[in-house]
K.L.:
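Okay, here's the structure, questions in a sec.
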Amino acid sequence: MMILRDYQYAAVEAVYDHLRTRDDNPCVVIPTAGGKTPVIATICKDAVGRWGGRVLVLAHVKELLEQAADKLRAVCPEVPFGVYSAGLKRRDRTEPVIVAGIQSIWKKACDFDPFDLVIVDEAHLIPLEGDGMYRHFLDDARAINPNLRIIGFTATPFRLKTGSICTPDGFLNHICYEVGVRELIVQGYLCPLVTKAGKVKADTSGLHVRAGEFVPGEVEDLMDQESLVQAACAEIAAATQARNACLIFASGVRHGRHIAEVLQREQGIACGFVCG
């Protein structure tokens with residue numbers, strides 16, 4: 001049996017209250033690692049078991065689809081979950097809950113029996129304007145079932161350029177529940193953040209600003225100085241002796257490769273390198 005934390009239970013109740021009392025679509029804000037999956041799973045279980053409905057869970061990255069379905073199955077094994085993804089070579093259609101990639105399903109709404117709920121994970125990725133894949137699919141799904149309701153989940157309900165992802169004429173209209181990082185840290189559900197400034201400082205006074213940001217090439221040139229990299233790597237090695245793993249963000253590809261090389265050469269620490 002699934003046991004929700006207090007704030008997860010409050011999130012579920014807030015969604016149901018919104019769907020009962022309003023005609024628009026709610027959004028739930030839970031921080032990263034705060035446990036969105038049990039909330040989504042509870043809504044799926046209730047929609048199928050209590051109300052005989054069908055649910056579509058939309059995600060945007062195919063690599064996460066199967067993980068999402070596996071997590072949901074683990075949390076509520078009594079609910080049949082299917083996966084619809086070209087990349088995963090899965091085209092399940094009949095299960096009452098389908099986990100799908102938007103890239104695979106956006107033109108396929110008519111291939112499915114009507115959905116009653118669409119749950120959008122990482123809802124801040126829905127475009128506010130234009131005929132994006134979400135807009136195309138949701139318009140078609142709503143034509144099939146005019147009573148379709150959409151529930152968004154995100155840790156970041158704002159876009160830098162356009163503001164809130166909830167707007168009166170958007171897909172999501174109102175944040176029905178929000179819990180903050182600080183609150184979950186105080187309650188012991190998230191690890192406390194401990195910050196530490198480096199002993200050796202970079203002089204950023206000579207950097208220029210473009211479109212509100214430091215010029216990336218100038219930042220990398222500054223941070224990639226041998227003395228700075230060596231000092232930072234020495235501090236990292238000292239600060240992480242008792243750690244199992246460490247993730248380092250660099251200011252560019254060249255800088256990242258330099259860090260990995262110095263950690264290996266100066267500190268004897270094996271360091272992998274990943275770029276995009």
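Residue numbers count from 1 along this sequence.
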K.L.:
Under the side chain to side chain contact (heavy atoms under 4.5 Å, CB included) criterion, do Leu88 and Leu65 qualify, and how do the steps go?
P.N.:
CA-CA 9 Å; Leu88 295 173; Leu65 293 175; 3.9 Å; yes
K.L.:
Can you measure from CD1 (Ile30) to CG (Leu184) and round to the nearest 0.5 angstrom?
P.N.:
8.0 Å
K.L.:
Could you tell me whether the side chain of Lys89 and the main chain of Ala86 form a donor-acceptor pair under 3.5 Å?
P.N.:
no
K.L.:
Below 4.5 Å, heavy atoms only, C-beta onward: do Leu138 and Phe171 meet side chain to side chain?
P.N.:
yes
K.L.:
Treating Thr167 as the side-chain partner and Gly170 as the backbone partner, does any N or O pair qualify as donor plus acceptor under 3.5 Å?
P.N.:
yes
K.L.:
Which atom pair, heavy atoms only, marks the closest approach of Ala11 to Val28?
P.N.:
CB-CG1, 4.1 Å
K.L.:
Could you note down all residue pairs passing side-chain hydrogen bond (donor to acceptor under 3.5 Å, both in side chains) where residues 108-123 supplies at least one of them, sequence neighbours left out?
P.N.:
Lys36-Asp121
K.L.:
What distance separates Ser104 OG from Trp106 CH2, expressed to the nearest 0.5 Å?
P.N.:
11.5 Å
K.L.:
Could you check whether any side-chain heavy atom of Ile165 comes within less than 4.5 Å of a side-chain heavy atom of Thr154, counting everything from C-beta outward?
P.N.:
yes
K.L.:
Any salt bridge linking Glu220 with Arg254? Criterion: basic side-chain nitrogen under 4.0 Å from a carboxylate oxygen.
P.N.:
yes
K.L.:
Hey, any chance Val75 and Val15 share a hydrophobic cluster, counting ILVMFWY side chains that come within less than 4.5 Å of each other, even indirectly?
P.N.:
yes
K.L.:
With a 4.5 Å limit on heavy-atom distance, are the side chains of Asn173 and Pro168 in contact?
P.N.:
no
K.L.:
List the steps, then state whether side chain to side chain contact (heavy atoms under 4.5 Å, CB included) holds for Phe115 with Asn145.
P.N.:
CA-CA 7 Å; Phe115 290 106; Asn145 177 12; over 6 Å; no
K.L.:
Examine Tyr16 and Leu4 and state if one hydrophobic cluster contains both, with Ile, Leu, Val, Met, Phe, Trp and Tyr joined whenever side-chain heavy atoms are less than 4.5 Å apart.
P.N.:
yes
K.L.:
In Å and rounded to the nearest 0.5 Å, what is the CZ to OH distance from Phe112 to Tyr84?
P.N.:
5.0 Å
K.L.:
Take Cys44 and Val57, measure what side chain to side chain contact (heavy atoms under 4.5 Å, CB included) needs, and give me the verdict at the end.
P.N.:
CA-CA 9 Å; Cys44 290; Val57 180; 4.0 Å; yes
K.L.:
Of all the heavy-atom pairs spanning Glu78 and Pro80, show the shortest one and how long it is.
P.N.:
O-CD, 3.6 Å
K.L.:
Checking Gln8 side chain against Gly35 main chain: does a donor-acceptor pair fall under 3.5 Å?
P.N.:
yes
K.L.:
Ile175 versus Cys166: any side-chain heavy-atom pair under 4.5 Å?
P.N.:
yes
K.L.:
With distance as the sole test, does His136 use its side chain to make a donor-acceptor pair with the main-chain N or O of Lys107 at under 3.5 Å?
P.N.:
no
K.L.:
Determine the minimum heavy-atom distance between Met223 and Ser251, stating which atoms define it.
P.N.:
CB-OG, 3.7 Å
K.L.:
Under a 3.5 Å distance rule, please check whether Tyr9 uses its side chain to pair with a backbone N or O of Val39 as donor and acceptor.
P.N.:
no
K.L.:
Do you reckon Val181 sits in the same ILVMFWY cluster as Val186, going by side-chain contacts under 4.5 Å, direct or chained?
P.N.:
no
K.L.:
Count the heavy atoms belonging to other residues, nucleotides or ligands that lie under 6.0 Å from CZ of Arg22, then report whether that count exceeds 12.
P.N.:
yes
K.L.:
With clusters defined by side-chain heavy atoms of hydrophobic residues (ILVMFWY) lying less than 4.5 Å apart, directly or transitively, does Ile119 cluster with Trp51?
P.N.:
yes
K.L.:
Just by modelled atom types, is the Leu222 backbone N or O under 3.5 Å from a matching donor or acceptor in the Gln225 side chain?
P.N.:
yes
K.L.:
Just verifying a value: how many Å separate Asn25 CG and Ile150 CD1, rounded to the nearest 0.5 Å?
P.N.:
4.5 Å
K.L.:
Mind checking whether Val118 and Leu58 have side chains closer than 4.5 Å, heavy atoms only?
P.N.:
yes
K.L.:
Is NZ or CZ of Arg73 both nearer than 6.0 Å to the six-membered ring centre of Phe81 and within 45° of the ring axis?
P.N.:
no
K.L.:
Under 6.0 Å between the ring centres of Tyr189 and Tyr7?
P.N.:
yes
K.L.:
To check you understand the geometry: which heavy-atom pair defines the closest contact between Arg90 and Asp92, and what is its length?
P.N.:
NH2-OD2, 2.7 Å
K.L.:
Under the side chain to side chain contact (heavy atoms under 4.5 Å, CB included) rule, what do Leu263 and Ile248 come out as? Steps first, then yes or no, please.
P.N.:
CA-CA 11 Å; Leu263 281 173; Ile248 302 167; 3.7 Å; yes
K.L.:
Should Ile105 and Leu56 count as side-chain neighbours, where that means a heavy-atom distance under 4.5 Å?
P.N.:
yes
K.L.:
Are Ile269 and Val274 connected into the same hydrophobic cluster when the rule is that any two of I, L, V, M, F, W, Y join if their side-chain heavy atoms are below 4.5 Å apart?
P.N.:
no
K.L.:
Hey, could you give me each pair passing ring-ring contact (aromatic ring centres under 6.0 Å, His included) that has a residue in residues 208-233? Not counting sequence neighbours.
P.N.:
none
K.L.:
Indicate the atoms forming the closest heavy-atom contact of Val200 with Ala231, along with that distance.
P.N.:
CG2-CB, 3.6 Å
K.L.:
Contact between Phe153 and Val29 at the side-chain level, heavy atoms closer than 4.5 Å - yes or no?
P.N.:
no
K.L.:
Using a strict cut-off of less than 4.0 Å between a Lys/Arg side-chain nitrogen and an Asp/Glu carboxylate oxygen, indicate whether Arg265 and Glu226 qualify as a salt bridge.
P.N.:
yes
K.L.:
Rounded at 0.5 Å granularity, tell me how far CD in Glu235 sits from NZ in Lys196.
P.N.:
4.0 Å
K.L.:
State, to 0.1 Å, how close Cys176 and Ala14 come at their nearest heavy-atom pair, and which atoms those are.
P.N.:
O-CB, 3.5 Å
K.L.:
To the closest 0.5 Å, what do you measure between CD1 (Ile102) and CZ (Arg135)?
P.N.:
12.0 Å
K.L.:
Using a 4.5 Å cut-off on heavy atoms from C-beta on, say whether the side chain of Leu19 contacts that of Leu117.
P.N.:
yes
K.L.:
Distance-only, no hydrogens or angles: does the Thr240 side chain make a donor-acceptor pair with backbone N or O of Arg243 under 3.5 Å?
P.N.:
no
K.L.:
Output yes when Glu95 and Arg54 qualify as a salt bridge under the 4.0 Å nitrogen-oxygen rule, no when they do not.
P.N.:
no
K.L.:
Determine the sole option in Arg149, His174, His18 for which the side chain to side chain donor-acceptor pair (under 3.5 Å) test with Asp24 is passed.
P.N.:
His18
